[in-house]
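To start, the structure itself, in structure tokens.
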Amino acid sequence: MRSFASDTVHKINQTVTVKGWVNSRRDHGGLIFVDLRDHTGVVQLVVQPEQVDAFKAAGELRDEYVLAAAGTVRERSEELKNPHIPTGTIEINIDQLTILNRSQPLPIQIHGEALANEDLRLKYRFLDLRRPKMQHMLKKRAEYYAVMRRYVEQQGFIEIATPILANSSPEGARDFLIPSRVHSGKFYALPQAPQQFKQLLMVGGVPRYYQLAACFRDEDPRADRLYGEFYQLDLEMSFVEDGEEVRSTMEPLIKQLATDFAGKRLMTDTIPRIPYREAMETYGTDKPDLRFGMELVELTEVLKATEFGVFKNAECVKAICVKGASTLSRSQIDSFTDIAKSEGAGGLAYLTYEGGEVKSPIAKFLKPEELSAIKQAMGAADGDIVFFGADKRQVVNKVLGRLRNEFATHFNLKDPNIIALAWIVDFPFYEQDDKTGKLDFGHNPFSMPKGGLAALQAEDKLGIIADQYDMVMNGYEICSGGVRNHNPEVLYEVFSVLGFGRNYVDARFGGMINAFKYGAPPHAGCAFGIDRMFMVLMDEDNIREIVAFPKNGSGVDVMMNSPSVVDDAQLKELHVRSVED
RNA sequence: GGGCUCGUAGUGAAGCUGGCCUAUCACGCCUCCCUGUCACGGAGGAGAUCGCCGGUUCGAAUCCGGUCGGGCCCGCCA
């Protein structure tokens with residue numbers, strides 16, 4: 001009967017068979033130790049020369065050889081116990097040892113601290129996955145899925161699969177296209193999200209739908225964004241007209257994941273709802289990390305009479321107070337200045353509070369009453385530095401928002417044991433392009449404008465609010481959702497504001513809008529980015545660390561060599577011309 | 001598409017203000033020794049045209065330009 005490594009500790013004086021990989025071999029000439037590793041851990045095998053065949057086989061072992069070993073579990077004498085491993089109190093005296101398979105010398109080291117380049121790890125992912133940390137990740141991920149499924153099913157959601165071969169959706173991300181063999185010149189697209197299908201399920205009478213849905217987007221990746229494919233916990237509820245119902249339905253799950261599942265503390269038990277504009281003004285971003293304060297403080301009024309040109313000529317002046325920042329060296333401040341410039345700032349003005357006075361290259365340009373008003377508004381004390389942003393409002397928010405984040409990292413304010421959650425609500429329905437001045441959808445064209453048809457008639461289109469909400473976890477957007485627009489007339493109008501006629505809408509979204517004409521119930525939902533949320537819960541800052549087989553940053557699977565060229569015959573069958581043409 | 005950054009034995013690092021680099025160290029690999037190790041130890045050995053191409057120079061891992069590849073970021077991600 002086969003035993004796992006970790007179980008053998010409970011089987012003293014029993015005969016066991018263990019199977020696994022050679023973690024290490026210590027050959028003392030007349031006595032050979034083998035650390036055998038399986039998914040449960042490591043156990044020490046002892047091979048004596050008296051067991052002639054086993055001893056001979058043990059002599060041939062190398063790292064990562066695969067073996068089956070049978071023998072008797074013995075308690076080690078006190079001085080031989082190893083407190084560093086869970087099975088260190090026992091060892092297995094081996095009678096029989098079979099080499100099941102051999103391994104070439106490893107291209108990457110899989111134990112120890114020094115990790116190979118990520119690209120090499122991905123090429124040899126099957127070896128990388130043998131590392132205990134990766135084994136733990138895989139197991140934990142399965143548990144994570146189970147927790148989510150259990151919760152949503154308790155809430156009455158039922159899982160329904162939606163098509164993978166779907167339709168191109170021109171308004172969103174770049175599609176992955178699949179040429180149709182049967183219909184020459186036509187294409188399927190892999191779904192960017194099951195958005196339209198899940199809304200159709202609502203029309204189809206499903207009260208609550210969920211799916212651990214694969215989503216496909218051909219956009220350049222980031223550290224927190226996979227290339228190509230990722231998973232969402234996708235949900236939709238019918239007869240819901242208030243997004244609050246969706247938010248309050250899902251909150252307990254996320255809290256449970258943060259606490260019971262990930263073993264962290266919640267920053268606040270009540271999850272704040274922060275309007276988009278407030279988030280932008282207070283944190284300079286719509287995905288604020290709320291584990292720390294350092295909020296943006298408006299100083300435009302305080303400094304409206306200033307004669308300091310940089311502030312005087314700016315549309316907006318704001319600042320953040322960085323506690324204890326006076327320890328920063330000049331060159332460190334310079335590097336933060338570079339960051340500010342990279343976000344569009346002209347420079348980075350600051351006031352240092354030290355020894356009861358203000359030190360700064362700009363202090364002499366400010367009147368004493370201005371300096372004291374700033375100090376008071378910022379709540380600055382000795383040891384702090386106040387950093388300013390003075391520019392167009394949008395630029396100031398962006399620069400200070402970025403700096404807030406960078407300073408928090410620098411001063412270790414991001415406590416990994418805390419999860420800070422927030423709902424960002426009331427997104428603008430439309431946004432204006434900086435350069436072209438053209439209006440476009442801010443978020444999701446399928447969400448309901450607050451106030452419905454009447455609101456869309458408003459003169460100020462930028463003031464129209466979408467019933468749309470995101471959940472933010474420690475500075476990462478982990479969920480996006482909305483109350484959907486289930487009214488065909490309102491939906492046509494939403495596009496009409498941008499100059500798109502009915503024909504346009506019918507052509508692109510005909511499947512869905514047609515359905516809405518046959519008694520669509522009001523509905524709302526959301527989708528959680530499973531991979532990204534898991535990354536945050538597992539304390540990783542690279543999303544590829546928590547995926548078994550991710551593509552690299554160029555969208556290449558370096559292990560399987562995809563994408564790859566295909567035969568001309570295949571292309572011909574799909575009515576696709578080869579690249580040479 | 002753009003910006004920044006990295007590329008040195010199988011792996012991870014050092015060297016990189018040009019010459020003493022005939023490129024250093026650790027892990028791994030090979031041979032031999034070793035009966036209580038646990039990342040065993042000991043002796044010896046192999047293994048690198050310093051990503052690639054070009055330039056500057058008496059001389060380039062080192063400086064410059066280009067190129068390829070990785071990473072991070074911007075754009076993009078309804």
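Values reported hereafter were calculated over all heavy atoms of this structure, with side chains retained and with hydrogens, waters and symmetry mates removed. Not measured: the values here are computed from a predicted model. Letters A, B, ... are given to chains in the order of the sequence lines, protein chains preceding strands, and every chain is numbered from 1.
- When heavy atoms are screened at a 4.0 angstrom cut-off, A:N542 is found touching the sugar-phosphate backbone but no base atom.
- The base of B:G71 lies outside donor-acceptor range of the side chain of A:R222, with no N or O pair under 3.5 Å.
- Under the Watson-Crick or G-U wobble criterion, with both distances below 3.5 Å, B:G54 is paired with B:C64.
- For A:E91 against B:G36, a side-chain-to-base donor-acceptor contact under 3.5 Å is present.
- Taking the P atom of each, B:A61 and B:C21 are spaced 13 Å apart, rounded to whole Å.
- Note: CD1 (A:I92) to C1' (B:C38) measures 14 Å, nearest angstrom.
- B:C40 has A:H28 stacked on its base ring, the centres lying under 5.5 angstrom apart and the planes within 30 degrees of parallel.
- Counting only heavy atoms from C-beta on, A:E219 has its side chain closest to B:C76 among B:C27, B:C29, B:C76.
- When each of B:G12, B:C34, B:G36 is scored by its nearest atom to the side-chain atoms of A:A116, the top-ranked nucleotide is B:G12.
- Using a 4.0 Å heavy-atom distance criterion, A:P107 is classed as a sugar-phosphate-only contact.
- Among all heavy-atom pairs drawn from A:T87 and A:V43, the shortest one is OG1-CA, 3.6 Å.
- Residue A:S554 has a polar side-chain atom (N or O) positioned under 4.0 Å from OP1 or OP2 of B:G70.
- A donor N or O paired with an acceptor N or O is not found under 3.5 Å between the base of B:C77 and the side-chain atoms of A:R217.
- Backbone-only contact: A:L120 has heavy atoms under 4.0 Å from sugar-phosphate atoms and none from a base.
- For a distance-only test at 3.5 Å, the side chain of A:D220 qualifies as a donor-acceptor partner of the base of B:G75.
- The base of B:U37 is paired with the side chain of A:R76 by a donor and an acceptor separated by under 3.5 Å.
- Note on A:Q104: nothing from the nucleic acid sits closer than 4.0 angstrom, heavy atoms only.
- Applying the 4.0 Å criterion to OP1 and OP2 of B:G70, one finds that A:N552 has a side-chain N or O inside that range.
- B:C34 is unpaired under the Watson-Crick or G-U wobble criterion, no partner having all donor-acceptor distances under 3.5 Å.
- As judged by a 4.0 angstrom heavy-atom cut-off over every strand, A:Q48 is placed among the base-contacting residues.
- Atom CD of A:Q96 sits in a sparse spot, with 12 or fewer heavy atoms from other residues, nucleotides or ligands closer than 6.0 Å.
- Look at CD on A:E545: it is 12 Å from P on B:G71, rounded to the nearest Å.
- A:R544 has a side-chain polar atom (N or O) that falls below the 4.0 Å cut-off from OP1 or OP2 of B:C72.
- Nucleotides B:G75 and B:G59 have their P atoms positioned 47 Å apart, rounded to a whole Å.
- Both A:Q196 and A:R402 lie near RNA chain B, and the one whose nearest nucleotide falls closer to the 5' end is A:R402.
- If you check distances only, the side chain of A:R25 never reaches the base of B:C38 with a donor-acceptor pair under 3.5 Å.
- Distances shown here put a side-chain N or O of A:N117 below 4.0 Å from the OP1 or OP2 atom of B:G12.
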For a salt bridge (charged side-chain N to carboxylate O under 4.0 Å, His left out) check, start with the C-alpha distance between A:E493 and A:R502, then their side-chain angles and the critical distance, and finish with the verdict.
CA-CA 9 Å; A:E493 186 56 27; A:R502 294 197 169 219; over 6 Å; no
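- Rounded to whole Å, atom P of B:U37 lies 19 Å from atom CD1 of A:I94.
- Residue A:P221 is out of contact with every strand shown, counting any heavy-atom pair closer than 4.0 Å.
- Residue A:R26 places no side-chain N or O under 4.0 Å from the OP1 or OP2 atom of B:U37.
- Counting to the nearest Å, the C1' atom of B:C38 and the CZ atom of A:R74 are 20 Å from each other.
- Here B:G47 sits opposite no nucleotide as a Watson-Crick or G-U wobble pair (both hydrogen-bonding atom distances under 3.5 Å).
- The side-chain tip of A:R484 does not point at the ring of A:F446 from less than 6.0 angstrom away and within 45° of straight on.
- Straight-line distance from the CD1 atom of A:I85 to the P atom of B:G36: 19 Å, rounded to whole Å.
- Residue A:S24 places at least one side-chain N or O under 4.0 Å from the OP1 or OP2 atom of B:C40.
- When atom types are taken as modelled, the side chain of A:S3 and the backbone of A:V16 share no donor-acceptor pair closer than 3.5 angstrom.
- Side-chain atoms of A:R25 come within 3.5 Å of backbone atoms of A:L61 as a donor-acceptor pair (strictly under, hydrogens ignored).
- Nearest to the side-chain atoms of A:F33 among the listed nucleotides B:U37, B:C34, B:U35 stands B:U37.
- Across the interface with RNA chain B, nearest-nucleotide mapping of A:P105 and A:R174 shows A:P105 to be the residue nearer the 5′ end.
- Figure legend: cation-pi geometry between A:R217 and A:F230 absent, as NZ or CZ is not positioned both under 6.0 Å from the six-membered ring centre and within 45° of its axis.
- Residue A:R121 has no polar side-chain atom (N or O) positioned under 4.0 Å from OP1 or OP2 of B:U11.
- A gap of 29 Å separates the P atoms of B:G15 and B:G55, to the nearest Å.
- Atom CG of A:D338 is separated from atom C1' of B:C73 by 14 Å (rounded to the nearest Å).
- Taking atom CG of residue A:D440 and atom C1' of nucleotide B:C76, one finds them 13 Å apart after rounding to whole Å.
- The nearest whole Å value for the distance from the CG atom in A:N82 to the P atom in B:C38 is 9 Å.
- Looking only at distances, no side-chain donor or acceptor of A:E75 sits under 3.5 Å from a matching main-chain atom of A:T89.
- A 3.5 Å limit on both hydrogen-bonding distances identifies B:G10 as the Watson-Crick or G-U partner of B:C27.
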